[in-house]
S.K.: 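Starting off with a structure, shown below.
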Amino acid sequence: MKITKVETIRVDEFFHVLWVRIHTDNGLIGLGETWYLPRAVSSVIHEMYAPMLIGKDPMDREALWSAMFGNVEGFGYAGAELRALSAVDTALWDLAGQAVKRPIYDMLGGRCRDRVKIYNTVGSYGEIQDNEFEQRDPVGFLQNLLDDGITIVKAYYMGPYAAASGGNFISRKDIREALAPLAKQRKALGDQIEIAHDGGGQWQLAPAMTITQAMDEYDILWQEEMIRPINVETHLKLAEVTKAPICAAERLITKWHFREFIERGAAEIVMPDLIWTGGITETKKIAALAETYQTPVAPHDWTGPVNVFACAHISMSCPNVMVQETNRAYYRGWYDRFVEPNITIKDGFLFAPEGPGLGTRLKKSVLDRSDVHVETTTEAREWNWPGFIDPGQKTPHWYSPEVPAKGAKRGVPPAPARKSP
Ligand SMILES: [Mg+2]
């Protein structure tokens, strides 16, 4: 099986979402996704990764991941390069699963469970306007989630106050005001619902400490990104004064970012975002690393219909998955306009996808939309790390677009030839 074409697809309506489709010579199409600055991500894919992939065997996921990462890691890498790699990696896993006719979770070690408990992140789309609902009627909103079978919610009580002070200061009066809805929710619903809190990385340490201590009386499930994950010591200081577990999350990119936070206990709950942190390949490793420190994982999902499928395979196959994030405004509001089938979520659980690979496909109708933008690469080119000296050429070179993949001596050697499914 050889890769013949790499496509990136985006639509103006959801202007941050980018889909990647990887085609092979046996007619299979693998699907991946990422989110944020899709034109920058698309440039990375078509300038570098796609030409590296053409002619390669998609079964060699580890070697391909390492080859792509090796060409971008010199610049700090946590940007469009890693979002692009995440989307491509997901598409390669989808192809591998389709090739052996098994769901991806079977290739990751099989199922630890056939459904995973979900929590709902507050979001809005179309008729589901949960942000407005929560503001207008905080108790009614949670009751509505409970009626839906959803018993865990993640909320953002402090957002406007962080914006007002730049995250540098919070008064006691503001805290009381900000937490008034939470106080009402707990009083009315008691322990019928679990409430997690996301600070969006908006605070400095001192106000974050004040806020988390004030919230402790409401038995918060976790405190996520009250501060940005750029300093392990500040996380440990926050954990010291906070009753709720500290969650380090979607801003950590690759196992190398997560490592120190996990090892030193600065991430008491680990929340990788699969389509930002390095795809299925990397998320499985982050979960295994967390497992060695007896730390649970809660896959992050906030973006598009393919990520939630990819996360589902991680959630089914990793023993230490605690709960899966979902957004009902999205999976009910717009996902089924883009993929078929849609993810199955009911009674507060997400069910294992069925069928080979990811278990979903991009709908054909997406390509017929008037606001669609498709870019395609079909030509192989070799890439090398800048400054690499080609032993054959004896001269440093940067990018040699004229060198075809076949027979090329530079870059990562191609995997040994073998019969692939
Ligand atoms: Mg978050």
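When a residue number appears, it is its place in the shown sequence, counting from 1. In listed order, ligands and their atoms are each counted from 1. Please read these numbers as outputs of a predicted model, since none were measured by experiment.
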S.K.: Please verify the inter-ring angle class for Trp35 with His16; under 30° counts as parallel, over 60° as perpendicular, anything in between as tilted.
M.R.: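 Trp35 vs His16 ring planes: tilted.
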S.K.: Check for me whether the distance between the ring centres of Phe69 and Trp256 falls short of 6.0 Å.
M.R.: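 Under 6.0 Å, so yes.
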S.K.: Would you tabulate the side-chain donor-acceptor contacts of residues 39-46 under 3.5 Å, counting partners in other chains and residues two or more places apart, or write 'none'?
M.R.:
from, atom 1, to, atom 2, distance (Å)
Ser42, OG, Thr8, OG1, 2.7
Ser42, OG, Glu375, OE2, 3.0
Ser43, OG, Arg39, O, 3.1
His46, ND1, Thr377, OG1, 2.7
His46, NE2, Thr8, OG1, 2.7
His46, NE2, Glu375, O, 3.4

S.K.: Listing residue and atom name, which protein N/O/S atoms are closer to the Mg ion (ligand 1) than 2.8 Å?
M.R.: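 Listed by chain and number, the atoms are Asp198 OD2, Glu224 OE2, Glu250 OE1, Glu250 OE2.
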S.K.: Quick check on the 6.0 Å ring-centre criterion: do Phe338 and Trp19 meet it?
M.R.: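 When the ring centroids of Phe338 and Trp19 are compared, they turn out to be within the sub-6.0 Å range.
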S.K.: Determine whether the aromatic ring centres of Trp302 and Tyr330 lie less than 6.0 Å apart.
M.R.: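 No; Tyr330 has its ring centre 6.0 Å or more from that of Trp302.
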S.K.: Just checking His300 against Trp276, ring centres under 6.0 Å apart?
M.R.: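 Ring centres of Trp276 and His300 closer than 6.0 Å.
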